[in-house]
Every structure is written in structure tokens, then in C-alpha cells.
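Before any comments, here is the structure.
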There are 2 protein chains.
Amino acid sequence: MPRNREQDVCEVKSVDTAKVMAVKKTMPSDRDMHSLSEIFSVLADPARTKIIYALSKEELCVCDIANILGNSISAVSHQLRILRNMRLVKFRKEAKRVYYSLDDRHINRLFDEGLKHVRE
Amino acid sequence: MPRNREQDVCEVKSVDTAKVMAVKKTMPSDRDMHSLSEIFSVLADPARTKIIYALSKEELCVCDIANILGNSISAVSHQLRILRNMRLVKFRKEAKRVYYSLDDRHINRLFDEGLKHVRE
DNA sequence: TGATTATTTGAACAATTGTTCAAATATAAT
DNA sequence: ATTATATTTGAACAATTGTTCAAATAATCA
């Protein structure tokens with residue numbers, strides 16, 4: 001016998017169509033949602049949250065960051081590249097060293113808001 | 001010839017010991033940092049941010065959520081389990097259906113703060 | 001120039017994540 | 001009891017992620 005295939009995706013039938021449409025209407029765009037979770041992904045790793053925290057206090061060179069985290073230089077450098085690509089940190093070269101600092105005031109607000117959450 | 005192994009980890013030498021120690025001193029605990037990135041991990045997936053958003057508007061059953069996201073019931077149920085385990089959503093059974101709602105006012109603040117960030 | 005130090009990069013690898021599919025519960029209706 | 005519907009679960013799998021190691025730049029110094 002024929003099965004009901006009238007629904008949009010995966011044959012999922014909605015129970016309360018009014019609710020579903022209301023929520024769909026105000027749902028932020030896929031593009032925004034993707035950017036949003038991309039930002040959260042950056043903070044979804046302890047090494048990176050520590051880097052963000054450290055740089056919120058001080059401008060630091062790579063080896064000092066590595067020292068603070070207790071991680072290898074290479075690991076830290078890879079993480080810094082991610083933060084650079086997301087424009088969350090900026091850097092300046094001084095002689096052989098590269099000094100990093102926060103390039104985004106928002107990320108700090110997110111970090112603090114998250115920490116508040118965790119601490120209660 | 002002997003190499004300098006006096007530093008704590010990975011032979012990383014710190015450049016500015018004062019800075020390093022100052023930052024280390026105020027760095028939140030590993031435990032807090034781990035919890036923090038765990039929370040951000042939850043929001044690091046578009047499917048979950050959409051669920052959080054949807055539930056911030058309405059209490060919804062699983063199939064309505066699936067409908068809103070355009071995902072399969074099973075995929076949504078797996079994601080809901082993650083949110084349940086993190087105590088971010090609660091649910092009640094009504095007949096055959098399971099209705100989910102937000103169980104955490106903080107997560108909404110994080111979501112909004114993130115969206116603000118993304119939108120400028 | 002060659003040697004040393006600071007950082008970046010690429011490849012390889014293990015670990016984690018998210019989806020799919022099929023099977024298992026759970027509840028209600030016939 | 002049998003059937004149908006709603007949801008959960010487990011196993012398998014592909015995709016992504018983070019680390020390590022070694023090699024490549026880049027900048028300074030002898």
C-alpha cells in the first residue's frame with residue numbers, strides 16, 4: 001500500500017504545524033547558524049580557551065604561551081593558526097619572536113559568559 | 001653534548017618568566033577550562049544550535065524538531081540525548097510523544113551573545 | 001657564510017564526532 | 001493480542017579534529 005510521502009524531508013510528519021511554522025519563520029539563517037557554531041567550535045577546545053584567556057591578560061610570544069599551557073610549541077602554533085584564521089588573534093614580529101594578542105573584544109565576552117555559566 | 005632539560009615540559013624555555021607566572025597564577029583551573037569547552041562543544045554544531053533556538057521559543061516534540069531542522073528523527077534524538085546529558089533540556093512524556101524544553105537559562109544568554117557576535 | 005633560535009608547516013595517526021540504518025522500547029488504538 | 005506510531009538505542013561508517021614528529025622558513029649572531 002502507498003505510504004504518505006507528502007512531507008518535505010524524510011517523511012517526517014509534523015504534529016503541530018502552526019508551532020513548526022512559527023519557529024521556522026524566526027529561525028536565524030543557515031548561514032548565521034553555521035557561523036555561530038563555527039565560533040563556538042573555536043572555544044570548544046581547552047587548549048584554545050586557555051590561549052584566549054592568556055592573551056586576554058597579556059601579549060605573549062609562542063613559547064610563553066606553550067609554557068603557560070604546558071603544551072608543545074608545535075601544538076600551540078597549530079592552534080594559533082586556527083585563531084588567526086578566525087581573526088580572533090593578531091600578531092606582530094619582533095626579531096625572532098612572534099607576539100600574539102587578542103584581536104576581538106567579543107570573544108572575551110563569550111568566554112566570560114561561559115565561565116560564569118560553568119562556575120555556578 | 002648535553003641539551004638543556006631544566007624546563008618543566010617539552011624543553012620549552014619561557015622568555016618572560018614574570019609574565020608567564022602572572023598569567024599562570026590567574027588562569028582558571030583545568031577542571032573549569034574543561035567544563036567551559038565542553039559547554040561550547042554543545043553549541044559547536046548547527047543542528048544543536050538550531051534545537052536550542054527552537055526550544056527557546058516553544059516546547060516541542062521530537063518529530064516537530066526534526067521537521068524544523070529538516071533532519072531525521074534519529075539524528076535529532078541522538079542530539080537531544082547530548083543536550084539531556086548536559087542538563088540543557090528537560091522533557092515530559094505525553095501519550096506517545098516526548099516534549100522537550102530548555103532547562104537552562106544560561107545557554108540562551110550564550111547563544112544570544114554568540115549570535116550578536118556573528119551578526120556584526 | 002654557517003650555526004642557532006623561534007616559529008610555521010605538512011604528513012601521518014589516533015581519537016572523537018555526527019549520521020545512517022536497523023532493531024528495540026513504549027504507548028495507544030483496534 | 002496485534003498493529004501502528006513515537007522515540008530511543010547500538011553498531012557501523014565517514015568525516016573531522018588535535019597531536020606528534022620531522023622538515024621548512026625566518027631572523028639573528030658569530
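Residue side chain B:H78 fails the stacking definition with respect to C:dT19, as its ring centre and the base's six-membered ring centre are not both under 5.5 angstrom apart and under 30 degrees in plane angle.
Partners of B:R92 according to the salt bridge (Lys or Arg N to Asp or Glu O under 4.0 Å) rule, which considers only residues two or more places apart in sequence or in another chain, are B:E59, B:E94. Taking B:K116 as the reference, B:E113 meet the salt bridge (Lys or Arg N to Asp or Glu O under 4.0 Å) condition, with sequence neighbours excluded. Listed by chain and residue number, A:R119 satisfy the salt bridge (Lys or Arg N to Asp or Glu O under 4.0 Å) test with B:D32 (two or more places apart in sequence, or in another chain). With sequence neighbours left out, B:D112 forms a salt bridge (Lys or Arg N to Asp or Glu O under 4.0 Å) with no residue at all. For A:R87, there are no side chain to side chain contact (heavy atoms under 4.5 Å, CB included) partners, not counting sequence neighbours.
Among pairs with a residue in residues 66-101 of chain A, those fulfilling ring pair (Phe, Tyr, Trp, His ring centres under 6.0 Å) read A:F91-A:Y100, at least two apart in sequence or across chains. Applying the salt bridge (Lys or Arg N to Asp or Glu O under 4.0 Å) definition to pairs two or more places apart or across chains, those involving residues 36-58 of chain B are A:D30-B:K50.
For B:I73 and C:dT19, the CD1 to P distance is 14 Å, given to the nearest whole Å. In this structure, the CD1 atom of A:I65 is 11 Å from the C1' atom of C:dT7, given to the nearest Å. Going from atom CG of A:N71 over to atom C1' of D:dT19 covers 9 Å, rounded to whole Å.
In this structure, A:Y53 contributes its side chain and B:T26 its backbone to a donor-acceptor pair below 3.5 Å.
Near DNA chain C, meaning a heavy atom under 4.0 Å away, there are no residues from residues 31-54 of chain A. For DNA chain D, the neighbouring residues in residues 88-96 of chain A, judged by any heavy atom under 4.0 Å, are A:A95, A:K96.
Residue contacts shown for A:Y99 are absent, as no nucleic acid heavy atom lies under 4.0 Å away.
Looking at the side chain of A:S72, the nearest of the listed nucleotides D:dT20, D:dG18, C:dT7 is D:dT20. Checking D:dT20, C:dG18, D:dA6 against the side-chain heavy atoms of A:A75 singles out D:dT20 as nearest. Side chain of A:R97, nearest nucleotide from C:dT9, C:dA6, D:dT19: C:dA6.
Counting distance only, with no hydrogens placed and no angle test, the side-chain atoms of B:S74 and the base atoms of D:dT9 include a donor-acceptor pair under 3.5 Å.
Within the model, atoms CD1 of A:I73 and SG of A:C63 stand 5.5 Å from one another, a figure rounded to the nearest 0.5 Å.
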